[in-house]
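What follows is one structure encoded as structure tokens, with my remarks underneath.
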Amino acid sequence: MRRKRKIPEKPRYVTITRKAYQLLAELEVSRFPVDPFEIIENLDSLYLEAWSELRDATGVSDPFGLKARKLDAETNVKRGTGEYLIVYDDTIGYLPRIRFTLAHEIGHIIMGHFTEFEKTSLREGLTHAEKMVVEREADAFAAELLAPRTILRRFPGMKNDPAWLKQTCFLSEQAADIRTQELKRVDF
């Protein structure tokens, strides 16, 4: 059994980029926009359920308490199996936001947030600083997965155009603006 580590003090950006690109390569993703629904479908240990479908199937008014906790999604791990269930709020109604949310949840899984650290609960037991690190890692993973820098740099002039990024990568306006700023800061 692998010894668990402490949550790092700052996000591991090199590891995030490497793992996002490895996932894209392993799944042979070769077109924009990258589809997180398809990624989840192609990963054997990941299962996806829409909140409204779960509500209708179970009769529970707020499955997993997503609405009460104002969450867009939550990932649950079946202990000892390596299987994950992502429940997402499909009633949001804005697909670019849902796509980023799913990529974020994939990031938590791929970055080992449930398995590699002493503190594995993303909701309880983490200090504010630790929670910020794992959330920033998941956000950075989602950005690298949906708008991979290594591919985007092949499009001259795009790094100053959030509208192009929004359309090409099917991001929300906010995500496209943030990603554009990140791409300007990073040595392309």
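Throughout, residue positions are numbered sequentially from 1 according to the sequence presented.
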Closest non-hydrogen contact found for Ala147 with Leu171 is CB-CD1, 4.3 Å

- Can Val60 be reached from Leu54 by stepping across I, L, V, M, F, W or Y side chains whose heavy atoms are under 4.5 Å apart? no

Note: Ala73 and Thr101 closest approach over all heavy atoms is CB-CG2, 3.4 Å

May I ask whether Tyr13 and Ile178 are part of the same hydrophobic cluster, defined by side-chain heavy atoms of I, L, V, M, F, W, Y residues being less than 4.5 angstrom apart, directly or through others?
-> no

Taking side chain as C-beta onward, heavy atoms only, is Leu85 less than 4.5 Å from Thr75?
no

Subject >> Polar side-chain atom of Thr168 near backbone of Leu165 as donor-acceptor pair, under 3.5 Å >> reply: no

Arg149 side chain reached by Leu183 side chain, heavy atoms, under 4.5 Å: yes

Within-4.5 Å side-chain heavy-atom neighbours: Ile110 and Ile16: no

Between Lys67 and the options Asp62, Asp89, Asp72, the salt bridge (charged side-chain N to carboxylate O under 4.0 Å, His left out) test singles out Asp89

* Check: Tyr47 ring centroid to Tyr84 ring centroid under 6.0 Å -> no

The reported gap from NE2 in His104 to CD1 in Ile98 (rounded to nearest 0.5 angstrom) is 15.0 Å

Hey, mind stepping through Trp164 and Phe155 against side chain to side chain contact (heavy atoms under 4.5 Å, CB included) and telling me if it holds? CA-CA 10 Å; Trp164 182 89; Phe155 295 93; 3.7 Å; yes

Shortest non-hydrogen pair, Pro36 vs Leu146, comes out as CD-CD2, 4.0 Å

To the nearest 0.5 Å, atom CD of Glu182 lies from atom OG1 of Thr180 at 9.0 Å

Verify the cluster assignment for Met132 and Phe141: are they in a single hydrophobic cluster under the rule of side-chain heavy atoms below 4.5 Å apart? no

*Side chain proximity check, Leu23 to Leu43, heavy atoms < 4.5 angstrom*: yes

Quiz item: Side-chain contact, heavy-atom cut-off 4.5 Å: Phe100 with Tyr94?
Solution: no

Any donor and acceptor pair, going by atom type alone, linking the side chain of Glu130 with main-chain N or O of Thr127 inside 3.5 Å? yes

Heavy atoms of Val134 and His113 approach each other most closely as O-CE1, 3.2 Å

Smallest heavy-atom separation, Pro33 atom then Arg99 atom, equals CB-NH2, 3.7 Å

message = Checking the side chain of Tyr21 only, and the main-chain atoms of Pro148 only, is there a donor and an acceptor separated by less than 3.5 Å?
response = no

Discussion item. Under 4.5 Å between side-chain heavy atoms, counting indirect links through other Ile/Leu/Val/Met/Phe/Trp/Tyr residues: same cluster for Ile106 and Leu95 or not?
Written reply: yes

- request: Tell me whether the centres of the aromatic rings in Phe64 and Trp51 are closer together than 6.0 Å.
  value: no

Should we count CZ of Arg97 as having more than 12 external heavy atoms under 6.0 Å? no

ask   = Is it true that Lys10 and Glu137 make a salt bridge, defined as a side-chain N closer than 4.0 Å to a carboxylate O?
value = no

So CD of Glu49 and CG of Asp90: to nearest 0.5 Å the spacing works out to 9.0 Å

Under 3.5 Å, is there a donor-acceptor pair between the Ser61 and Arg55 side chains? no

Please lay out, stage by stage, how Cys169 and Leu152 fare under the test side chain to side chain contact (heavy atoms under 4.5 Å, CB included). CA-CA 10 Å; Cys169 299; Leu152 293 177; 4.1 Å; yes

Ion pair Lys19/Glu116, N-O distance below 4.0 Å: yes

Pairing donors with acceptors under 3.5 angstrom, does anything connect the side chains of Glu105 and Tyr88? no

Close side-chain approach of Leu66 and Val87, heavy atoms under 4.5 Å: yes

Scanning both residues in full, the closest heavy-atom pair of Ile86 with Ile109 reads CD1-CD1, 4.1 Å

For Phe114 and His108, take the angle between the two ring planes, folded into 0 to 90°, and tell me which bin it lands in: parallel under 30, tilted 30 to 60, perpendicular over 60.
perpendicular

- Query: Would you call Ile39 and Leu102 a side-chain contact if the rule is heavy atoms closer than 4.5 Å?
  - Reply: no

**Study point:** NZ/NE/NH1/NH2 to OD/OE distance under 4.0 Å, Glu144 and Arg18
**Key:** no

*Any chance CD of Gln22 has more than 12 other-residue heavy atoms, nucleotides or ligands included, within less than 6.0 Å?*
yes

inquiry  = Can you tell me if Glu83 has over 12 outside heavy atoms packed within less than 6.0 Å of its CD?
reply    = yes

inquiry  = Could you go through Asp35 and Phe170, starting from their C-alpha distance and side-chain angles, then the distance that decides it, and tell me whether this counts as side chain to side chain contact (heavy atoms under 4.5 Å, CB included)?
reply    = CA-CA 9 Å; Asp35 185 353; Phe170 198 33; over 6 Å; no

In this structure, CG of Leu126 is separated from CD of Glu135 (nearest 0.5 Å) by 9.0 Å

